[in-house]
There are 2 protein chains.
Amino acid sequence: MVKYHQYMVGAEQALDRVLELAVLMNDDMTRTLAKDGLTVSRAHLLWVLRQRGPCTQSVLAEQLGVSARNVTGLVDGLVATGFVTREPHPTDRRATHVSFTERGATTTAVMESDHRELAHTLFADMATGELDHFTRSLGDVLARLRTRLEAEDE
Amino acid sequence: MVKYHQYMVGAEQALDRVLELAVLMNDDMTRTLAKDGLTVSRAHLLWVLRQRGPCTQSVLAEQLGVSARNVTGLVDGLVATGFVTREPHPTDRRATHVSFTERGATTTAVMESDHRELAHTLFADMATGELDHFTRSLGDVLARLRTRLEAEDE
DNA sequence: TATTGTTATACTCTATAACTATA
DNA sequence: TATAGTTATAGAGTATAACAATA
């Protein structure tokens with residue numbers, strides 16, 4: 001009985017730390033991006049654009065998991081602030097072709113190196129074995145969370 | 001050189017998993033709370049109210065780290081959906097006294113047990129030693145993130 | 001003079017539904 | 001008939017600034 005209780009306390013502490021980490025990561029991203037005139041959602045779109053290359057809004061909507069209407073708004077904002085351009089699609093006249101501006105490409109490249117630098121900041125002092133354990137445990141937790149989310153999908 | 005590179009790959013993988021975990025935790029909370037007619041922000045307010053007991057909006061604003069205006073909106077929503085009440089403050093006639101309704105108290109209690117159940121789901125299969133390692137590593141990462149955020153505060 | 005909360009205003013993210021142009 | 005994107009509409013979270021009531 002005592003053992004079980006102790007165990008639960010440990011699990012709750014782990015969950016609390018995971019939740020705090022989620023909040024702090026979000027705060028950090030929000031602040032860092034704001035310095036570049038970006039939001040988390042818009043940066044996410046830039047991220048997809050970098051991986052996919054120039055593409056249509058419907059591709060962006062699918063990759064981001066948001067509505068077409070939402071992508072219209074995000075692209076509006078990114079065009080207004082000079083990160084991307086909207087041009088006619090070469091072959092499909094219904095669609096728009098979203099591409100980086102010079103500024104968008106540069107900023108996204110900086111974001112990527114900042115991302116690597118953050119990884120270094122957070123995990124540099126961790127011994128290799130410890131990091132491996134941590135990453136594996138994270139993978140297990142992720143797997144359980146995904147299972148839970150799928151189960152809720154019904 | 002190779003070792004350093006390998007190391008960085010490990011750190012980046014860890015960061016990517018941390019970020020994915022943050023996203024999935026948020027999705028899970030959003031969906032679970034929606035079933036009760038709540039949002040993450042409103043649930044956060046209820047959480048503070050449970051810890052603090054009935055209190056003024058200014059206390060809630062400070063605890064949540066948001067503006068007074070924002071708290072007005074959150075409490076408006078929670079009053080409209082029947083989770084809390086706004087009453088005159090016993091001693092300070094400028095302030096309002098925010099308290100749980102029956103429904104609010106019950107729902108928050110359920111949230112708390114769901115929280116424990118989630119901890120169990122995510123960490124039940126983890127060996128005690130592994131969980132300890134994981135929690136300690138999380139603590140280290142949190143400490144570094146906090147340091148980083150404070151440094152940015154200038 | 002300082003504090004509490006609201007009104008006024010504005011921006012962002014998000015969604016569904018109706019509609020236009022095109023495939 | 002189906003798809004791509006926009007307009008229309010709506011709700012939620014967030015902020016600052018001006019203001020009223022009270023301390």
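In what follows, chains carry the letters A, B, and so on, assigned in the order in which the sequence lines appear, proteins first and then strands, with residues in each chain numbered from 1. Note that this is a predicted model, so its numbers are computed, not measured.
A straight line from CG of A:Asp27 to P of D:dG13 spans 17 Å, rounded to a whole angstrom. Distance, A:Leu60 CG to C:dT14 C1': 16 Å, rounded to whole Å. A:Asp76 has its CG atom 8 Å from the P atom of D:dT7, to the nearest Å. A straight line from CZ of A:Arg31 to P of D:dA15 spans 13 Å, rounded to a whole angstrom. In this structure, A:Arg86 places its CZ atom 9 Å from C1' of D:dG5, rounding to the nearest Å. Look at CD on A:Gln63: it is 14 Å from P on D:dA4, rounded to the nearest Å.
Within the 4.0 Å cut-off from OP1 or OP2 of D:dT14, not a single side-chain nitrogen or oxygen of B:Arg42 is found. Put simply, A:Asn70 has a side-chain N or O that comes within less than 4.0 Å of OP1 or OP2 on C:dA15. Look at B:Ser58 and you won't find any side-chain N or O under 4.0 angstrom from OP1 or OP2 of C:dT3. Not one side-chain nitrogen or oxygen of A:Ser67 sits closer than 4.0 Å to the OP1 or OP2 atom of C:dT14. The side chain of A:Thr56 places no N or O atom within less than 4.0 Å of a non-bridging phosphate oxygen (OP1 or OP2) of D:dA4.
The side chain of B:Thr39 approaches D:dG13 more closely than any other nucleotide in the set D:dG5, C:dC13, D:dG13.
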Check nucleotides 21-23 of chain D for protein N or O atoms closer than 3.5 Å to its own N or O atoms and list the pairs.
residue: D:dA23; atom: OP1; partner: B:Arg93; partner atom: N; Å: 2.8

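Within 6.0 Å of atom NE2 in B:His133, 12 or fewer heavy atoms from other residues, nucleotides or ligands are found, so the atom counts as exposed in its surroundings.
For the helix from C:dT1-D:dA23 to C:dA23-D:dT1, the rotation axes defined at the first and last 5 base pairs enclose an angle of 20°, given to the nearest 10°.
A:Leu64 pairs in a side-chain contact (heavy atoms from CB on, under 4.5 Å) with only one of the listed residues (A:Val48, A:Val59, A:Asn70), which is A:Val48. A:Leu38 pairs with exactly one of A:Thr32, A:Thr108, A:Leu78 by the side-chain contact (heavy atoms from CB on, under 4.5 Å) rule, that one being A:Leu78.
Between B:Phe134 and A:Phe134, the ring centre distance stays below 6.0 Å.
Counting any heavy atom pair closer than 4.0 Å across all strands shown, A:Ser41 reaches sugar-phosphate atoms only and no base atom. Using a 4.0 Å heavy-atom criterion, one finds that B:Val66 contacts the sugar-phosphate atoms exclusively. Using a 4.0 Å heavy-atom criterion, one finds that B:Thr96 contacts the sugar-phosphate atoms exclusively.
Remark: A:Arg50 fails to qualify as a cation-pi partner of A:Phe100 under the 6.0 Å distance and 45° angle criteria applied to the six-membered ring.
Using bins of under 30°, 30° to 60° and over 60° for the plane-to-plane angle, the ring pair B:His97/B:His89 lands in the perpendicular bin.
Under a hydrophobic-cluster definition in which Ile, Leu, Val, Met, Phe, Trp and Tyr are linked whenever side-chain heavy atoms come within less than 4.5 Å, directly or via other members, A:Leu149 and B:Val18 are assigned to the same cluster. The cluster map of Ile, Leu, Val, Met, Phe, Trp and Tyr, joined by side-chain heavy atoms under 4.5 Å apart, puts B:Val40 and A:Val66 in the same cluster.
Judged by closest nucleotide on DNA chain C, B:His97 is the one of B:His97 and A:Arg69 placed further toward the 5' end.
Contact check for A:Arg86 versus A:Asp76: side-chain heavy atoms found under the 4.5 Å cut-off.
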Open item on the list: Could you go through B:Glu62 and B:Arg52, starting from their C-alpha distance and side-chain angles, then the distance that decides it, and tell me whether this counts as salt bridge (Lys or Arg N to Asp or Glu O under 4.0 Å)?
Closed with: CA-CA 12 Å; B:Glu62 198 213 334; B:Arg52 280 295 172 119; over 6 Å; no

